[in-house]
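Lettering follows sequence order; numbering is per chain, from 1. Because the structure is predicted, anything quoted here is derived from the model rather than measured.
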Amino acid sequence: MKIRQIFISLLFALVAVSSFSMATEEAQSHHESNSEQSVEKKPYESKSVSQLAGSFLETTGLYAIFNTDDGETTSDPAGASKERPMGAFESSLGRVIMILIVFLLFYLAIAKGFEPLLLLPIAFGGLLANIPLAHMAGPEGMLGVIYNMGIANEFFPLLIFMGVGAMTDFGPLLANPKTALLGGAAQFGIFGSLVGAVMLGFDLQSASAISIIGGADGPTSIFIANRLAPDMLGAIAVAAYSYMALVPVIQPPIMRALTTKEERRIQMGVQRKVHKLEKLFFPIVVLMLSILILPESTPLIGAFAFGNFAKESAVIDRLSDTMQNSLINIVTIFLGLGVGSKLAADKFLVLESLGIMIIGLIAFSVGTAAGVLMAKVMNKFSKEPINPLIGAAGVSAVPMAARVVSKVGSEERPGNVLLMHAMGPNVAGVIGSAVAAGVLLSIFK
Amino acid sequence: MKIRQIFISLLFALVAVSSFSMATEEAQSHHESNSEQSVEKKPYESKSVSQLAGSFLETTGLYAIFNTDDGETTSDPAGASKERPMGAFESSLGRVIMILIVFLLFYLAIAKGFEPLLLLPIAFGGLLANIPLAHMAGPEGMLGVIYNMGIANEFFPLLIFMGVGAMTDFGPLLANPKTALLGGAAQFGIFGSLVGAVMLGFDLQSASAISIIGGADGPTSIFIANRLAPDMLGAIAVAAYSYMALVPVIQPPIMRALTTKEERRIQMGVQRKVHKLEKLFFPIVVLMLSILILPESTPLIGAFAFGNFAKESAVIDRLSDTMQNSLINIVTIFLGLGVGSKLAADKFLVLESLGIMIIGLIAFSVGTAAGVLMAKVMNKFSKEPINPLIGAAGVSAVPMAARVVSKVGSEERPGNVLLMHAMGPNVAGVIGSAVAAGVLLSIFK
Amino acid sequence: MKIRQIFISLLFALVAVSSFSMATEEAQSHHESNSEQSVEKKPYESKSVSQLAGSFLETTGLYAIFNTDDGETTSDPAGASKERPMGAFESSLGRVIMILIVFLLFYLAIAKGFEPLLLLPIAFGGLLANIPLAHMAGPEGMLGVIYNMGIANEFFPLLIFMGVGAMTDFGPLLANPKTALLGGAAQFGIFGSLVGAVMLGFDLQSASAISIIGGADGPTSIFIANRLAPDMLGAIAVAAYSYMALVPVIQPPIMRALTTKEERRIQMGVQRKVHKLEKLFFPIVVLMLSILILPESTPLIGAFAFGNFAKESAVIDRLSDTMQNSLINIVTIFLGLGVGSKLAADKFLVLESLGIMIIGLIAFSVGTAAGVLMAKVMNKFSKEPINPLIGAAGVSAVPMAARVVSKVGSEERPGNVLLMHAMGPNVAGVIGSAVAAGVLLSIFK
Amino acid sequence: MAEVNYIAEAFKFMVLGMGVVFLFLIVLVQLIKLQAKLINKYFPETTPKSSVTPVSSTSDDEQRTVAAIIAAVAEFRKNKS
Amino acid sequence: MAEVNYIAEAFKFMVLGMGVVFLFLIVLVQLIKLQAKLINKYFPETTPKSSVTPVSSTSDDEQRTVAAIIAAVAEFRKNKS
Amino acid sequence: MAEVNYIAEAFKFMVLGMGVVFLFLIVLVQLIKLQAKLINKYFPETTPKSSVTPVSSTSDDEQRTVAAIIAAVAEFRKNKS
Ligand code: NA
Ligand code: NA
Ligand code: NA
């Protein structure tokens with residue numbers, strides 16, 4: 001067998017030699033005339049080994065970090081027009097700090113389980129973006145290619161939203177539609193933090209971009225940040241996902257502070273059965289409504305409705321499975337890396353980022369409080385009892401917030417399962433945030 | 001645990017504060033000098049709440065539909081150079097009609113099961129394309145991004161063809177090769193409808209693009225439409241998939257009218273066994289033949305042959321599985337949405353679309369008739385009996401047409417299974433259409 | 001049921017007619033004013049059938065192959081600026097020779113099982129690239145679209161590397177870290193063949209691109225070739241994958257010639273257990289080290305480390321599964337076809353390709369020898385015995401080379417399982433090659 | 001232009017934004033109720049499904065179930081023989 | 001140019017097109033027969049596979065699912081009885 | 001420039017390249033040893049995993065196999081009792 005293989009190799013070589021010898025002269029002449037235009041090769045000058053080693057040293061990362069006046073420029077996927085010389089801090093200690101922050105994010109994602117599906121790729125993208133000299137976030141680097149492929153044009157967040165739509169069951173909302181209002185109240189988190197951001201000194205457009213963190217919805221945040229304040233995209237995305245991950249820490253104290261023990265012990269009845277046609281029509285109804293009232297929100301709601309409609313139609317299961325699995329996974333990898341490219345020291349280590357972190361915390365707290373208070377009010381006027389805890393699920397952060405509600409509820413009264421009742425406001429919160437996002441976009445159009 | 005998390009947050013904030021305070025001055029100065037070039041923010045003028053509400057109203061879809069002189073332009077993935085101000089009809093009633101047509105397509109796809117894998121995404125794309133003010137079919141909208149990614153350059157139809165190739169078994173054709181001629185006769189559907197289209201007043205190039213509907217093959221239709229008449233892509237694709245879905249309605253009456261009861265009762269023998277090397281070599285043989293005779297058809301036949309060769313080689317099953325599953329699913333989602341973007345009122349609601357619908361019906365009928373008649377002739381001269389019904393499968397519409405043949409055949413003589421015999425002309429019809437497409441392309445090159 | 005469907009069709013037609021009649025005049029006027037800019041249709045001149053047939057003949061592949069002065073130009077994904085008129089040989093016999101070479105590659109991939117996952121798509125891409133008149137490798141052809149999407153910007157090789165990272169287990173390397181040095185010694189294959197290539201007359205930059213074949217690592221080869229010598233990409237990729245496939249033929253004679261029977265019979269102890277935290281930290285350690293020493297290698301090592309980190313973190317299994325399956329499969333299909341586009345006769349049939357093939361063979365042989373000799377030296381100085389055979393695995397070609405080591409070892413002493421001990425140098429060879437690639441890039445920066 | 005009170009503007013945005021959000025959701029609630037009434041009137045379901053299924057991707061689970069069934073069957077046959 | 005009879009042209013296209021289609025398919029049929037003859041002469045298959053498997057897009061997984069379910073149900077009944 | 005001896009240059013590249021490769025790997029080996037020492041000191045594993053698992057994609061298939069085996073075993077026990 002080996003002899004046969006060697007024979008084949010020889011045959012291959014022979015065919016090649018005979019054809020090459022014919023081809024060479026002609027092809028070479030073409031080739032050379034052409035090579036002038038192709039890759040420009042610099043004239044090579046001889047160097048001694050120690051010269052070579054010396055110039056090699058200047059290309060090491062260690063050298064780059066300790067020599068801040070080496071004329072390195074920042075990287076931007078849009079290319080040279082958006083790049084500028086790096087500051088001394090940005091190209092040295094700044095990178096180190098960012099890499100430490102990245103390690104903190106790794107710790108939170110892996111050891112604490114904080115939304116690892118996005119935090120880990122974002123953090124890794126941040127690590128790659130802070131490598132000196134490699135320009136991975138530039139238009140020809142891997143992160144820049146990804147950014148231009150799907151973030152600059154908002155394609156990836158919409159695909160994620162499509163996949164989330166295909167994973168979402170609106171049954172609980174359809175069974176008890178008035179809980180949708182709780183998902184509305186929680187949007188005070190957005191507009192409250194808008195006021196807060198303006199107070200901190202952000203201009204109105206940046207403040208709007210930041211405030212959407214209060215929507216507790218990753219793709220919506222990225223979509224809006226990209227439109228209104230692309231320079232802050234990294235900080236906004238990191239804040240959004242970090243606080244979504246912190247929902248089990250942030251929400252319970254607020255929920256307990258605003259409710260009495262009796263309210264938290266309220267039991268809610270069994271939900272009515274939902275007709276499958278209701279589920280089928282629902283995404284179309286939502287989309288038609290947003291077309292009539294708020295076309296600015298239709299990219300988000302349209303993608304979401306398409307995913308949900310594909311699932312509920314039950315005739316294109318192989319497509320809806322793909323949306324929920326291989327497609328959303330591929331896009332999640334790319335979205336994370338691309339967003340992470342905005343964690344470069346020169347983009348992230350600005351005072352704004354600190355403000356964004358602070359406002360994000362306010363946004364989640366205000367949203368939670370508004371949802372709970374609204375639920376208290378509704379409980380007063382409703383025939384059927386409403387446990388005010390479910391208002392907290394209105395911030396979205398699907399399905400984490402609903403689980404937190406269920407957990408807090410069952411602590412007060414073991415066996416009191418609020419999960420399905422909390423899913424209604426939870427998914428309504430997604431729609432509410434998309435509407436709020438549409439309003440903000442329409443203002444700055 | 002919670003205390004630890006809060007501690008981490010604090011630590012994070014502290015690191016941030018200390019670094020930010022160092023970074024701020026420098027970074028800000030860089031940032032500001034740069035921000036002039038970045039997103040241009042309009043100077044903001046104060047408005048009262050009622051002014052705000054007023055200008056919000058002007059951004060609603062309701063307002064846009066009832067105010068036709070608002071200067072809205074059409075959307076085109078190619079950008080401003082292909083856009084123009086919208087007509088009054090197009091931006092109001094036209095949209096409403098298109099949305100009703102979209103709902104009809106939803107009904108056909110879901111309730112009637114008409115080729116839902118493509119009709120449903122196409123229809124949803126059409127819905128999104130008709131949203132006022134959102135410009136989702138423009139170069140920066142989701143549909144436009146998809147269109148430019150894979151339809152304008154014909155990449156997606158070729159990937160679909162590759163996947164279909166990986167799903168196709170040429171065994172029945174190889175077992176009884178002369179049935180390939182039935183797949184040839186059915187191409188009269190293409191050229192007959194070309195004559196019809198010219199009679200209706202279409203110019204030769206547009207008529208050629210339309211006539212390919214008679215090939216009963218989605219990717220081929222989209223590929224050719226994109227080359228010869230991109231403005232009609234939406235109508236052509238919708239016609240092709242609609243009539244493919246209507247094959248069980250269109251074909252049986254024609255089949256019965258052209259055959260006698262005795263002919264329909266003809267039984268065909270068991271097919272010979274096919275050597276796996278025949279299957280392995282077949283895609284290469286087809287491709288070599290199309291290289292020699294018709295290079296214009298090689299993008300289509302090449303993609304198809306690659307998929308089939310990948311499957312039959314049996315050494316790259318993980319790639320051929322991917323072609324048949326996650327890759328073709330992802331591309332189908334995108335292709336559907338992208339094609340649907342051509343269902344915008346300003347593109348679809350033209351008299352041509354009606355003509356295209358009529359010609360599509362002619363095309364399928366003529367193709368079916370030609371296939372059946374050819375089979376009758378072959379039956380006269382063949383040693384082994386040929387049931388003329390299998391000629392109807394030559395229009396392709398794989399595997400629907402072959403199933404229809406089998407159904408009609410077993411109605412006349414229960415137990416007469418023609419399915420495998422019909423698969424031969426069925427897959428030959430795919431090749432025949434690709435060849436016909438190549439001829440049309442070569443004429444207009 | 002059928003009546004209902006026909007009724008629906010009629011309804012559809014009626015809606016359409018009524019709306020079209022309203023829309024026609026207006027839309028037509030818009031349409032026509034626009035159509036001037038759209039697809040330019042040549043004025044059509046009547047032709048007789050024989051004229052038509054005659055001009056059709058001129059578009060056949062047969063005609064194109066026998067008529068070499070038809071002014072056909074070469075194809076290049078970068079477009080017209082890189083294209084030139086084809087030579088007579090290139091457009092006729094050259095194509096035929098390339099197609100024969102492609103068939104040889106098919107044979108090797110399918111019948112011999114030589115790395116079919118990449119050789120088969122590359123070969124098929126080569127077949128498509130050599131089709132006359134179709135320009136599939138041009139900027140508007142399928143191969144050119146793929147090339148520009150992910151090869152010209154090095155995106156696809158990095159995604160492959162990410163997937164390979166997610167598939168790699170560094171456990172054996174961590175258990176016995178000093179075997180990493182064997183993966184270093186094997187890089188003599190790279191630098192030895194660099195010297196050889198310069199001797200054959202290649203300039204330093206081209207020689208560097210070629211020598212990376214000695215890294216025995218596909219994505220690294222493609223990445224470097226694309227940076228340093230894109231015109232030779234096809235030959236380099238084909239050489240790299242061919243010789244990787246030939247590892248079971250090339251390596252054993254060299255391994256036996258350089259070792260004594262006693263050395264080959266050496267048994268190695270059971271490996272220590274590796275803590276899962278070691279595996280988790282390892283990709284980060286490698287990446288940090290390459291950041292400090294060699295930022296030029298971070299695109300490759302960064303992608304690889306991300307994949308491995310995603311897997312070892314164990315919190316984003318759905319993403320790491322996607323990297324290892326659907327994503328790497330899709331990219332493999334595209335990478336193969338795109339690389340294959342460089343097998344066009346006008347690019348591949350130059351004397352350089354023959355040189356590249358020869359140097360590739362030298363590279364693998366030298367790398368193997370260096371690894372084995374290094375292992376012999378280490379065995380002299382090591383407390384624990386080291387079987388010199390495992391040095392051969394240092395060339396990478398994961399996991400083929402490690403299997404060859406295990407096979408040769410068990411031939412001498414049945415039951416002597418060296419596989420796990422060979423995996424250490426095997427994966428170290430991947431890192432070593434990426435480092436070597438970084439050094440070469442930094443020299444020509 | 002320089003005298004714009006941005007905080008006041010932000011509050012106006014809040015009024016507009018929360019107004020639109022609630023308008024949207026209130027209309028949506030009414031439409032949901034209306035469609036539930038219409039659907040259950042004209043298409044009464046004989047064996048209606050419970051809505052109490054969790055939000056999740058069912059694909060993985062299903063695949064594992066299948067795998068489990070296959071394995072169980074295989075196991076069974078082995079044991080019989 | 002203005003006097004071109006487009007319908008006549010369309011018929012000419014039909015002649016050319018159908019001619020090429022049939023030419024292509026006739027040559028293809030001959031090649032299929034030739035390769036079948038050659039392959040079965042030089043590589044006779046001892047246990048040839050039947051070609052009678054349906055062309056369909058029911059991917060492997062689905063087929064396995066069906067097979068698994070059928071098997072599981074069968075198994076179940078056996079165990080009950 | 002014309003007088004550059006390219007072969008000598010290539011040998012210099014070899015010296016630099018192999019030097020950097022070995023430097024990199026030697027530092028890496030030391031770091032691996034260091035981290036092994038630190039990790040096993042501060043996070044001693046009670047039931048450590050064997051490192052002797054083959055390099056391969058433990059993709060879906062394997063996970064399904066595992067799931068299947070678990071399910072099969074469970075099934076078995078039910079049937080026995
Ligand atoms: Na929300
Ligand atoms: Na056809
Ligand atoms: Na290597």
### Message
If I measure from the heavy atoms of chain A, does B:A109 come under 4.5 Å with its side chain, its backbone, both, or neither?
### Response
backbone
## Note on the structure
Closest heavy-atom pair, A:P299 versus B:M136, reported as atoms and distance to 0.1 Å, is CA-CE, 3.8 Å
#### Entry: ring pair (Phe, Tyr, Trp, His ring centres under 6.0 Å) between A:F281 and B:F106, worked out
CA-CA 11 Å; A:F281 291 159; B:F106 284 158; over 10 Å; no
### Task
Can you see which heavy atom on B:M167 is nearest to which on A:R318, and at what distance?
CE-NH2, 3.8 Å
#### Entry: Smallest separation among heavy atoms of A:P295 and B:P132, with atom names
CB-O, 3.3 Å
### Residue B:T59 versus chain A: region with a heavy atom under 4.5 Å
both
### Query
With only heavy atoms counted, which part of A:L287 is less than 4.5 Å from chain B, the side chain, the backbone, both or neither?
side chain
#### Entry: Point-to-point distance, once rounded to the nearest 0.5 Å, from CZ of A:F306 to CG of B:L120
6.5 Å
#### Entry: chain B contact via A:I358 - which portion, at a heavy-atom distance below 4.5 Å
neither
### Query
Are more than 12 heavy atoms from other residues, nucleotides or ligands located less than 6.0 Å from atom CZ of B:F66?
no
### Query
Which region of B:L128, side chain (C-beta onward) or backbone (N, CA, C, O), has a non-hydrogen atom less than 4.5 Å from a non-hydrogen atom of chain A, or is it both or neither?
side chain
### Message
Is B:L143 close to chain A through its backbone or its side chain, or both, or neither, when contacts mean heavy atoms under 4.5 Å?
### Response
neither
### Query
Any idea which of A:S313, A:G150, A:S290 has the most non-hydrogen atom pairs under 4.5 angstrom with chain B?
A:S313
### Message
As a quick check of understanding, evaluate side-chain contact (heavy atoms from CB on, under 4.5 Å) for A:L319 and B:L117, giving each step before the final call.
### Response
CA-CA 8 Å; A:L319 301 189; B:L117 284 174; 3.8 Å; yes
### Task
Check the surroundings of atom CD in B:E72: do more than 12 heavy atoms from other residues, nucleotides or ligands lie under 6.0 Å from it?
yes
### Query
Looking at A:L327, A:L361, A:V439, A:L294, which makes the most heavy-atom pairs under 4.5 Å with chain B?
A:L327
### Task
Nearest 0.5 Å please: distance from the CE atom of A:M288 over to the CD1 atom of B:I99.
4.5 Å
### Message
Tell me which of these, A:L292, A:V315, A:D317, A:I316, has more heavy-atom pairs under 4.5 Å with chain B than the rest.
### Response
A:L292
### Task
Can you measure from CG (A:N325) to CG (B:N325) and round to the nearest 0.5 angstrom?
12.0 Å
### Task
Take A:M323 and B:N329 through the side-chain contact (heavy atoms from CB on, under 4.5 Å) test and state the conclusion after the steps.
CA-CA 9 Å; A:M323 289 177 200; B:N329 289 346; over 6 Å; no
### Query
Quick one: are B:V145 and A:E154 in side-chain contact, heavy atoms under 4.5 Å?
no
### Task
With rounding to the nearest 0.5 Å, note down the distance linking OG1 in B:T60 to CD in A:E296.
11.5 Å
### Query
Roughly how far apart are B:M142 CE and A:N153 CG, rounded to 0.5 Å?
11.5 Å
### Query
Minimum heavy-atom separation for A:S326 to B:I330, with atom names?
OG-CD1, 4.4 Å
### Query
Which bit of B:F334 comes within less than 4.5 Å of chain A, counting heavy atoms only: side chain, backbone, both or neither?
side chain
### Query
Can you name the nearest heavy-atom pair linking A:I293 to B:F56, along with the distance?
O-CZ, 3.9 Å
### Query
Contact part of A:A314 toward chain B, heavy-atom cut-off under 4.5 Å: side chain, backbone, both or neither?
neither
### Query
Side chain, backbone, both or neither: which part of B:P121 has a heavy atom under 4.5 Å from chain A?
both
### Message
Let me confirm one number: the OG1-NE2 distance from A:T298 to B:H135, rounded to the nearest 0.5 Å.
### Response
10.5 Å
